[in-house]
2 protein chains.
Amino acid sequence: MPFLAEKATFVKQYFYMNAVLLNHIAKYITLEASEIDLLESALSTQKIKKKEHVLQEGQICNTMYFVIKGCFRQYIINTKGNEQTLQFAIESWWITDYLSYHNHVPSHFYIQAIENSDIIAIEKPVLESLLIEIPKLERYFRIVSQRTFGAAQMRIKFLFTMSAEERFCLFNNLNPEFVQRVPQYMLASYLDFSAEFMSKIRAGKV
Amino acid sequence: MPFLAEKATFVKQYFYMNAVLLNHIAKYITLEASEIDLLESALSTQKIKKKEHVLQEGQICNTMYFVIKGCFRQYIINTKGNEQTLQFAIESWWITDYLSYHNHVPSHFYIQAIENSDIIAIEKPVLESLLIEIPKLERYFRIVSQRTFGAAQMRIKFLFTMSAEERFCLFNNLNPEFVQRVPQYMLASYLDFSAEFMSKIRAGKV
DNA sequence: TAAAAAACTTGAACTACTTCAAGAAATACA
DNA sequence: TGTATTTCTTGAAGTAGTTCAAGTTTTTTA
């Protein structure tokens, strides 16, 4: 009885988890049932605990991560020894170091869970096989990556043209729930100002 | 005789131009002869004069541009009325506003030739047909776009962690010939500091 | 539920850059 | 080749942010 209950939970969760990715893929391409089977057989989910790293500076990044539940960040440690967050990834986002991934060079970045999270981690050889067996997936990753790059272009525009306070207000308007979800100091560094200044902005002391 | 000479030049140049793109594609995928024919029949090159725009703020960007010869920049006009360059594109680079392209929304950017240039401009419907007829091209654009995004991640790292002078020195070491090629004030804004400060850095007056 | 750890706040002193204004040099064009 | 335009330079004054250090609050963990 406990065993059966556990098994039922496991099966249900297994389908639920992959469904997040399958739904995301379905926004861009249509897969055959056989292709879905193939994909599911290659996917496995992992639980990553808060503060655990999936990539550290100096490692070669050989994996793409898809967030099913939770939140990750990509960050660096600057010359003064402070962490600076360059990117967040929440549910249905991919995160990796594309430069390290494609060029087999050591990464400049850390990728860390900032909540207890569920991810699908796809190793490069597995993904390459999948892309050969299901060529349509090339299209999915092409579109996702072009959109992500488009978002990065806008980010650079905001960083270049707005003051610290304006960047915070814009971000807060666009993602009010997310602002509650991550520590202020991580968001401050993502918006490219200090944690102390964030505190002053929020207190209206600027 | 003049006519023949002109025609010969035209034909030679036509092949030369497309060859730049075909060579770039060949770095990532292998096309059949028939696919190359198909591609060539869909491609046309354009000459764009220095200072001419291929995209203006407010327009919906419906085209991807591949630089065969010359140089382009993507820029915005900030609240003070100054131009700020967000991106350059030289030979064998693609440039477009991916967000406007994918979401059919008005662009925030200008894209302008900063030298007399030759480009291949592919309209969205043409590209979509090509991607259906030559699915391998999805892979090409997927890889190019992921690499470009990887480069953008590094750019954000440099912007976040280095001083103005350090950013200039790094850029100058990595791209010495390019620094000669563009006006200093455009490079200054690309590196996120003022034209005046660039002048002081170069004079060693910092 | 207490203790430890993580995250946030505050003000004062500082600094890396910007802005402005005007002139000089280089480049493009007729 | 000379004139107009674009680009670069310089110094002085200003400011949007940082840094530091110490205290407070919140969250986590045992």
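Here is how names work: the chains are called A, B, and so on, in the same order as the sequence lines, proteins then strands, and each is numbered from 1.
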Could you walk me through whether A/Phe66 and A/Ile122 pass the side chain to side chain contact (heavy atoms under 4.5 Å, CB included) test, one step at a time? CA-CA 8 Å; A/Phe66 180 81; A/Ile122 309 192; over 6 Å; no

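- Ionic pairing of B/Glu91 and B/Lys69 is not present here: no N-O contact between side-chain nitrogen and carboxylate oxygen is shorter than 4.0 angstrom.
- Every residue meeting the ring-ring contact (aromatic ring centres under 6.0 Å, His included) condition with A/Phe88, not counting sequence neighbours, appears here in chain and number order: A/Phe178, A/Tyr190.
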Report the C-alpha distance between A/Leu39 and A/Ile25 in whole Å, list the side-chain angles of each, state the deciding distance to 0.1 Å, and finish with yes or no for side chain to side chain contact (heavy atoms under 4.5 Å, CB included). CA-CA 11 Å; A/Leu39 196 52; A/Ile25 292 175; 3.7 Å; yes

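- Taking the charged nitrogens against the carboxylate oxygens, A/Glu83 and A/Arg73 do have a contact shorter than 4.0 Å, which makes a salt bridge.
- The stretch residues 154-166 of chain B has no heavy atom under 4.0 angstrom from DNA chain D at all.
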May I have the step-by-step check of side-chain hydrogen bond (donor to acceptor under 3.5 Å, both in side chains) for A/Gln146 and B/Ser145, ending in yes or no? CA-CA 6 Å; A/Gln146 287 182 344; B/Ser145 150; 5.0 Å; no

Could you write nucleotides 4-14 of chain D as a row of B, S and -, 5' to 3', where a protein heavy atom under 4.0 Å of any base atom gives B, of only sugar-phosphate atoms gives S, and otherwise -? --SSSBBBB--

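- Looking at B/His102 and B/Lys124, their side chains never bring a donor and an acceptor atom within 3.5 Å of each other.
- For the helix from C/dT1-D/dA30 to C/dA30-D/dT1, the end axes, each set by the C1' atoms of five terminal pairs, are bent relative to each other by 70° (nearest 10°).
- Using a cut-off of 4.0 Å between Lys/Arg side-chain N and Asp/Glu carboxylate O, B/Glu196 and B/Arg202 are scored as not salt-bridged.
- Of all heavy-atom pairs between B/Pro106 and B/Ser100, the closest is C-OG, 4.2 Å.
- Atom CD of A/Glu83 is separated from atom C1' of C/dA7 by 12 Å (rounded to the nearest Å).
- Using modelled atom types and a 3.5 Å distance limit, the side chains of B/Arg147 and A/Asn103 yield a donor-acceptor pair.
- Annotation: proximity of residues 169-179 of chain A to DNA chain D (heavy atom, distance under 4.0 Å) is found for no residue.
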Name every donor-acceptor pair, under 3.5 Å, that has one atom in a side chain of residues 50-62 of chain B and the other anywhere in the protein, sequence neighbours excluded.
{"unit_1": "B/Glu52", "atom_1": "OE1", "unit_2": "B/Lys49", "atom_2": "N", "d": "3.2"}
{"unit_1": "B/His53", "atom_1": "NE2", "unit_2": "B/Tyr75", "atom_2": "OH", "d": "2.6"}
{"unit_1": "B/Glu57", "atom_1": "OE1", "unit_2": "B/Tyr110", "atom_2": "OH", "d": "3.4"}
{"unit_1": "B/Gln59", "atom_1": "OE1", "unit_2": "B/Gln56", "atom_2": "N", "d": "3.0"}

